[in-house]
K.L.:
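So that we are looking at the same thing, I have put the structure below in structure tokens.
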Number of protein chains: 2
Amino acid sequence: MTEIEKISSEQLILEAAEQEFLTKGYDGARTISIAQKAGVTHAMLHYYYRTKRQLFECILAKTISTVKETMLAAMGDPDMPLVERLKDGIASHFDHMVANPLLPRFFLNEIISRPELYSLLYERVASFIREFFADLQSEADAAAERGEIEKIDIPMLIISIMSLNIFPFVAYHFIEPVMGTIIADREIFLEERKAENIELIMRRIIKH
Amino acid sequence: MTEIEKISSEQLILEAAEQEFLTKGYDGARTISIAQKAGVTHAMLHYYYRTKRQLFECILAKTISTVKETMLAAMGDPDMPLVERLKDGIASHFDHMVANPLLPRFFLNEIISRPELYSLLYERVASFIREFFADLQSEADAAAERGEIEKIDIPMLIISIMSLNIFPFVAYHFIEPVMGTIIADREIFLEERKAENIELIMRRIIKH
DNA sequence: AAACTGTTTGACAAAATTGTTAATAACTAT
DNA sequence: ATAGTTATTAACAATTTTGTCAAACAGTTT
């Protein structure tokens, strides 16, 4: 008897659902399509998850916890000096995007467009983020005071970082054909892109 | 008899459809919802546009031509010196985003996820874009040779510009609550954002 | 006014999608 | 083996959404 890992239908459905929802969104996803991908009848889907909505909530929970991890990673190490902390945070954040390339689009489309869901999620992290911003801002102000870096507005800088790190994944299908030869090797492109994003932010804050 | 502009139902439906499709996407849009917004029965929608798909194609055609305009504007004036041309192009592109804030998300979601549609669209502009890139690259190489700017990779720079200019609109609902007070006045925020994007790109290319 | 044209509607049909159920199969523990 | 539990299926029901149609309506021309 070989080592056949018999994965439960429940799990198969969950994985198929993740792929379906992440690529097509809630409205575009079809329960039948999910069941087919999982290799079961669609009645099974209802047996384990009751409704399409509830199955979706399971995927949602997964993505939300991944997003939380990503944000934490992006915040970097508070003990590092600001510039190093930023470099580190940007790189970590980018790596999380590489590891979960479908998440940004899904998150932007499905969570943010549902005010009830998003405001709930936001309330939980609001004070945390405010604290992080304030912390970073005072560090930045101090460094600027010492003439080490330019005077910078942290929220604006964060938006820049997010734009640079997230957009390529949201728009990958658009970028790929246009950039053609440049992106021939995805691995290499992503490494270059990460370095470029760090370079951009560094040049924005260092004094010239 | 007052100047009552009696807008045709056909036009009302088109406008309602644009709003519905741009905010909810094709899958999320409902023909009944469009008809209600337009203030007519949904049979009218089929009378004028036959099917939901055909109505969608009409909206699609509009958005594609808007995107073309935006890209043209973003290319700036070939007679200007490179740095000025870039500043000008970035600002124009950003202004187009401000004027059509729902377009980026719609375009990224609806067009790019449909390979048949996108490859068709792309074939038409591919050579044009390649030419533009090559043109810009040789200008950039020349300027770098003269020591005016850093040596830069144009495709990478374009991705940076697109990321910075487009992302804030794709993610506005996400950014807004997080940035709270900073974005209290949308007009002001957008002006600052535009300036910030130009500043970032300029600092990336000028020699230090 | 009658005939003609395009517009509008409500009721209905068709299709697609989600959700349910009763019967059966497979597995587990006594 | 048998009773009991969980898993699975096929057929079916319900719902939602899109699409059709004949009849009524409104404006225009003769």
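Here the structure is a predicted model, which is why all the values come from computation and not from measurement. Every chain is numbered from 1, with letters handed out A, B, ... down the list of sequences. These numbers come from the heavy atoms of this one structure, side chains and all, not from hydrogens, waters or symmetry mates.
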K.L.:
Under 4.0 Å, heavy atoms only, any strand: does B:A29 hit a base, just the sugar-phosphate, or nothing?
P.N.:
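Here B:A29 touches the backbone only, sparing every base.
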K.L.:
Specify the separation, in whole Å, of atom CD1 of B:I32 and atom C1' of D:dT16.
P.N.:
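Rounding to the nearest Å, CD1 of B:I32 and C1' of D:dT16 are 8 Å apart.
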K.L.:
Below 4.0 angstrom from OP1 or OP2 of D:dT18, is there any side-chain N or O of B:T31?
P.N.:
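Affirmative; the distance criterion is met.
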K.L.:
With a 4.0 Å cut-off, would you call B:E150 and A:R203 a salt bridge?
P.N.:
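Salt bridge between B:E150 and A:R203, a charged N being under 4.0 Å from a carboxylate O: yes.
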K.L.:
Verify the contact: side-chain N or O of A:H46 to OP1 or OP2 of C:dT20, cut-off strictly under 4.0 Å; return yes or no.
P.N.:
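Result: no.
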K.L.:
Looking at B:R105 and A:L108, what are the two nearest heavy atoms and their distance?
P.N.:
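Heavy-atom minimum between the residues: NH2-O, 2.7 Å.
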K.L.:
Heavy atom of residues 9-24 of chain B under 4.0 Å from DNA chain C: which residues?
P.N.:
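Going residue by residue through residues 9-24 of chain B, the ones with a heavy atom under 4.0 Å of DNA chain C turn out to be B:S9.
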K.L.:
Residues in side chain to side chain donor-acceptor pair (under 3.5 Å) with A:K151, at least two apart?
P.N.:
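In terms of side chain to side chain donor-acceptor pair (under 3.5 Å), with neighbours along the sequence ignored, A:K151 is linked to no residue.
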K.L.:
In whole angstrom, what separates A:Y49's OH from D:dA7's C1'?
P.N.:
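Rounded to the whole Å, the gap is 14 Å.
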K.L.:
Is the centre of the A:F56 ring less than 6.0 Å from the centre of the A:Y26 ring?
P.N.:
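When the ring centroids of A:F56 and A:Y26 are compared, they turn out to be within the sub-6.0 Å range.
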K.L.:
Report the C-alpha distance between B:F133 and B:F128 in whole Å, list the side-chain angles of each, state the deciding distance to 0.1 Å, and finish with yes or no for ring-ring contact (aromatic ring centres under 6.0 Å, His included).
P.N.:
CA-CA 9 Å; B:F133 276 29; B:F128 191 53; over 10 Å; no
K.L.:
Between D:dT9 and A:Y47, is there an OP1 or OP2 to side-chain N/O distance shorter than 4.0 Å?
P.N.:
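Looking at the OP1 and OP2 atoms of D:dT9, neither is under 4.0 Å from any side-chain N or O of A:Y47.
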K.L.:
Which part of the nucleic acid, if any, lies within contact of B:L45, taking any heavy atom under 4.0 Å across all strands shown: a base, the sugar-phosphate backbone alone, or nothing?
P.N.:
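Answer is nothing: B:L45 stays at 4.0 Å or more from every strand.
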K.L.:
In whole angstrom, give the distance that lies between atom NZ of A:K52 and atom P of D:dT17.
P.N.:
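These atoms are roughly 10 Å apart.
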K.L.:
Under 3.5 Å between N/O atoms: give me all the protein pairs with nucleotides 10-16 of chain C, atom names plus distance.
P.N.:
none

K.L.:
For B:E20, is there an ion pair with B:R30 - N to carboxylate O distance below 4.0 angstrom?
P.N.:
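No, B:R30 and B:E20 are not salt-bridged.
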K.L.:
Taking all non-hydrogen atoms of both residues into account, name the closest pair between A:I175 and A:P168 and its distance.
P.N.:
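In terms of heavy atoms, the two residues are closest at CD1-CA, 3.9 Å.
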